[in-house]
Amino acid sequence: MIIEKDKNLKGLNTLGLNINTAWYSAPSSVDEIRWLLGNSQFRELPVLIMGSGSNILFTGDFDGLVIHPALKEITITDSDSESVTLRVGAGVDWDDFVAYCTDRGWGGVENLSLIPGCVGASPVQNIGAYGSEVKETIVSVEYIDISTREGFTLTNSECRFGYRDSIFKRELRGATIITFVSFRLALNPLLNFDYSDVAAKLSQISNPSLHDVREAICSIRRAKLPDPEIVRNAGSFFKNPVVTEERAMTLKEANPTLKLFPADPGYIKLPAAWLIEQCGFKGVREGNTGVHQNQALVIVAYKGATGVEILEFAKKIKRAVKTRFDIDIEMEVNVIASS
Ligand code: FAD
Ligand code: EPU
C-alpha cells in the first residue's frame with residue numbers, strides 16, 4: 001500500500017480545486033484500512049474519506065489523512081428465482097457497477113446510470129435520479145468505525161435513508177469508512193420510466209428494455225448536465241427544498257410555470273433550479289465561478305476558482321432565494337474546511 005505525502009488533489013475532485021492533503025492512501029482491503037487507522041503516525045490526524053470527489057468542496061488544504069477505499073470485489077452472495085444479491089467493494093466505480101448489472105439483465109439501478117462516484121459513497125446521500133433512489137436496492141452497508149477500527153453492518157432500515165440523506169450524513173457523519181455495499185437486483189425487473197424526460201425519450205419504443213432505459217438516461221444526462229472533465233462542477237449544488245402542500249399550492253398559483261414533484265405525504269418537492277433561475281442567476285458568472293447556463297442547480301468552477309469563492313457565491317444564491325421566496329435551500333455538496 002502506497003502512502004503519499006503532500007499530495008495534490010486537483011485531479012481528484014470534480015470541481016478541480018487546487019488543494020493539497022498532508023497524507024493520502026488508497027487501501028485495497030479491510031486489513032490495510034485497519035492498519036492505516038491504527039498507525040501511530042496518523043492516529044491523531046483528521047481523516048477524510050474520498051471516493052471520486054464528485055460531491056466535495058474543499059475550502060483549503062487538508063492537514064490530515066485522505067483515505068480512498070479501493071476495494072474492488074463484486075461477489076454474488078445470494079440468489080433465488082427472482083433476485084440476485086451482490087456484495088460490492090466501496091472502490092468500484094458506480095457507473096461501471098450499473099453497466100455490470102444492466103449487461104446481465106439485472107434491474108434496479110439502471111435509472112441511476114452515469115452518476116459519477118464510487119459505490120462506497122452511494123449510500124451516504126442515497127443517490128437518486130429519474131424517479132429512483134439507491135435505497136430501493138440496498139440490502140446492507142458494511143463499515144469500519146474510524147475511531148475504534150471495529151467493523152459493523154447496517155441493514156437498509158438502520159441506514160435511515162431519506163431524500164439525499166442517511167445516517168452517514170447524520171449520527172455517523174465523518175465517523176465511518178464504508179467498505180462494502182450489498183444490493184438486491186431483480187431478475188425480471190419492472191422498469192420505471194415515469195419521469196417525464198425519460199417517458200418522452202422512450203415514447204417511440206413500444207417495449208423498452210433495461211438497456212433502452214439506461215441509454216435514454218445516459219443521453220438525457222449528457223444533454224443536461226455538464227461533464228466535469230470539460231466544465232468543472234459537483235452536480236446539483238443544492239438539494240431541492242421540501243415544503244408543505246399548502247405552501248407549494250400558494251407558490252404555484254402565483255407562478256404557474258413552477259413544476260411540483262412528489263415527496264412524503266402532505267409535502268411537495270420544489271425544483272431549486274427554478275427558484276435560482278427566477279432569482280436571475282442562471283448562466284451568470286462572478287469571478288471564477290458561476291451558474292451553469294443549462295441547469296441552474298449546478299455551480300461551475302472556472303480556471304483559478306477557489307473553494308472559498310465558490311462557497312461565498314453559493315451563500316449569495318441561498319440569500320437571494322430566501323429573500324425572494326422565503327425558502328431555505330440546503331447545500332447538497334459536502335464542504336471540507338481546511339484543518
Ligand atoms: P465523494 O465526493 O468523494 O464523497 C462524498 C461524501 O461521501 C463525502 O462526505 C465523503 O467523505 C463520503 N464518502 C465517500 N466515500 C465514502 C466511504 N467509502 N465511506 C464513508 N464515507 C464516504 N448525485 C445524485 O444523487 N444524483 C445525481 O443525479 C447526481 N448527478 C451528478 C452529476 C454530476 C456531473 C456530478 C459531478 C455529481 C452528481 N451527483 C449526483 C453527486 C455525486 O455523484 C454523488 O454524491 C456520488 O455518490 C459521490 O460519489 P463520490 O465517490 O465522488 O463521493
Ligand atoms: N428547472 C429550471 N431551471 C433549470 C433547470 C431545471 O427551472 O435550469 C426546473 C424545471 O421545471 C425542471 C425541474 O427544474 O422540470 C427539474 O429539473 P431536472 O429534471 O433537471 O432535475 P433537478 O431537480 O434539477 C434533480 C437531482 C439531480 C438528478 C435529476 C434527475 C437534486 C438536488 N438534484 O435535479 O441530481 O440527476 O433530478 O432526476 O435532487 C445531483 O444530486 O447532483 C443531481 C444532479
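Please read these numbers as outputs of a predicted model, since none were measured by experiment. One-based numbering, in listed order, for ligands and for the atoms of each. The analysis underlying the following values was restricted to heavy atoms, covering all of them including side chains, and did not include hydrogens, waters or symmetry mates.
Among the atoms of Ile178, some N or O lies under 3.5 angstrom from an N or O of ligand 1. In terms of polar-atom proximity, Gly117 is not counted as a contact of ligand 1, lacking any N or O under 3.5 Å from an N or O of the ligand. At a 3.5 angstrom cut-off on N or O pairs, Gly51 counts as close to ligand 1. Not a single N or O atom of Asn126, backbone or side chain, sits closer than 3.5 Å to an N or O atom of ligand 1. The N/O atoms of Ser52, backbone and side chain alike, include one that comes under 3.5 Å of an N/O atom in ligand 1. Checked against a 3.5 angstrom limit, the closest N/O atoms of Gln125 and ligand 2 fall outside it. Checked against a 3.5 angstrom limit, the closest N/O atoms of Ile115 and ligand 1 fall outside it. In terms of N/O distances under 3.5 Å, ligand 1 is approached by Gly53. The distance criterion of under 3.5 Å between nitrogen or oxygen atoms is met by Pro116 with respect to ligand 1.
In the vicinity of Gly235, heavy-atom distances shorter than 4.0 Å reach the ligand 2 atoms 42 (O). Proximity to Arg221 (heavy-atom distance under 4.0 Å) selects the following atoms of ligand 2: 36 (O). Short contacts between ligand 1 and Gln125, defined as distances under 4.0 Å to a heavy atom of the residue, involve ligand atoms 23 (N), 24 (C), 25 (O), 41 (C), 44 (C), 45 (O). Atom numbering of ligand 2 starts at 1 in the shown order; those under 4.0 Å from a heavy atom of Lys224 are 18 (P), 19 (O), 20 (O). Taking every non-hydrogen atom of Phe238 and a distance limit under 4.0 Å, the qualifying atoms of ligand 2 come out as 32 (C). Of all the atoms in ligand 2, the ones that sit under 4.0 Å from a non-hydrogen atom of Asn240 are 23 (O), 31 (C), 32 (C), 39 (O). The Met50 neighbourhood of ligand 1 comprises atoms 3 (O), with distances under 4.0 Å to a heavy atom of that residue. If you number the atoms of ligand 2 from 1 as listed, the ones under 4.0 Å from a heavy atom of Lys239 come out as 32 (C). Residue-ligand proximity, Asn294 to ligand 2, at heavy-atom distances under 4.0 Å covers atoms 8 (O). Within ligand 2, counting atoms from 1 as listed, the ones closer than 4.0 Å to a heavy atom of Tyr163 are 31 (C), 32 (C), 39 (O). Numbered from 1 in the order shown, with element, the atoms of ligand 1 that lie under 4.0 Å from a heavy atom of Ala129 read 28 (O). The distance from ligand 1 to the heavy atoms of Asn233 drops below 4.0 Å at these ligand atoms: 34 (C), 36 (C).
Between atom 4 (C) of ligand 2 and the options Gln278, Gln293, Glu277, Glu133, the minimum heavy-atom separation is to Glu277. Summarising the contacts of atom 28 (O) of ligand 1 with Glu133, Arg221, Glu229, Glu332, the nearest heavy atom is found in Arg221. Comparing Lys282, Gln295, Lys259 by heavy-atom distance to atom 24 (O) of ligand 2, the nearest is Gln295. When Ser236, Ser196, Ala296, Gly117 are ranked by how near their heavy atoms come to atom 33 (N) of ligand 2, first place goes to Ser236.
Using a 4.0 angstrom heavy-atom cutoff, Arg164 counts as in contact with ligand 1. For Gly174, the closest heavy-atom approach to ligand 1 does not fall below 4.0 Å. Put simply, no part of Lys169 is less than 4.0 Å from ligand 1, judged by heavy atoms. By the 4.0 Å heavy-atom criterion, Tyr195 is counted among the residues contacting ligand 2.
Summary of contacts: the protein heavy atom closest to atom 14 (C) of ligand 1 is Ala121 CB, 3.6 Å. Protein heavy atom at the shortest distance from atom 17 (C) of ligand 1 is Ile49 CG2, 3.5 Å. Summary of contacts: the protein heavy atom closest to atom 26 (N) of ligand 1 is Gly128 O, 2.8 Å. Ranking the protein heavy atoms by distance from atom 21 (N) of ligand 1 puts Val124 CG2, 3.9 Å first. Summary of contacts: the protein heavy atom closest to atom 42 (C) of ligand 1 is Ser54 OG, 3.4 Å. When only non-hydrogen protein atoms are considered, atom 6 (C) of ligand 1 lies nearest to Asn334 ND2, 3.5 Å. Atom 47 (O) of ligand 1 has as its closest protein heavy atom Ile127 CG2, 3.3 Å. Looking only at heavy atoms of the protein, atom 36 (C) of ligand 1 is closest to Gly235 N, 3.3 Å. Among all protein heavy atoms, the one lying closest to atom 38 (O) of ligand 2 is Tyr130 N, 2.7 Å. In terms of protein heavy-atom proximity, atom 7 (O) of ligand 2 is closest to Trp274 CA, 3.2 Å. Atom 1 (N) of ligand 2 has as its closest protein heavy atom Ala273 CB, 3.7 Å. For atom 14 (O) of ligand 2, the closest non-hydrogen atom of the protein is Pro271 CB, 3.2 Å.
Under 4.0 Å is where a charged nitrogen must lie from a carboxylate oxygen, and between Glu171 and Arg160 at least one such pair does. Electrostatic pairing of Lys322 and Asp326 counts as a salt bridge here, judged by a charged N lying under 4.0 Å from a carboxylate O. In summary, Asp165 and Lys239 do not engage in a salt bridge, as defined by a charged side-chain N under 4.0 Å from a carboxylate O.
Atom 10 (C) of ligand 2 is never approached by the protein to below 4.0 angstrom, counting heavy atoms only.
Proximity of a side-chain donor or acceptor of Arg324 to a complementary backbone N or O of Gln278 within less than 3.5 Å is detected.
Geometrically, Lys7 engages Tyr24 in a cation-pi contact, judged by NZ or CZ lying under 6.0 Å from the ring centre and within 45° of the ring axis.
Applying the salt bridge (Lys or Arg N to Asp or Glu O under 4.0 Å) rule to pairs touching residues 262-287 yields Glu277-Lys282, Glu286-Lys316, sequence neighbours excluded.
Side-chain polar atoms of Trp274 and Thr257 form a donor-acceptor pair below 3.5 angstrom.
At a threshold of 4.5 Å between non-hydrogen side-chain atoms, the residues Glu158 and Thr153 do not count as touching.
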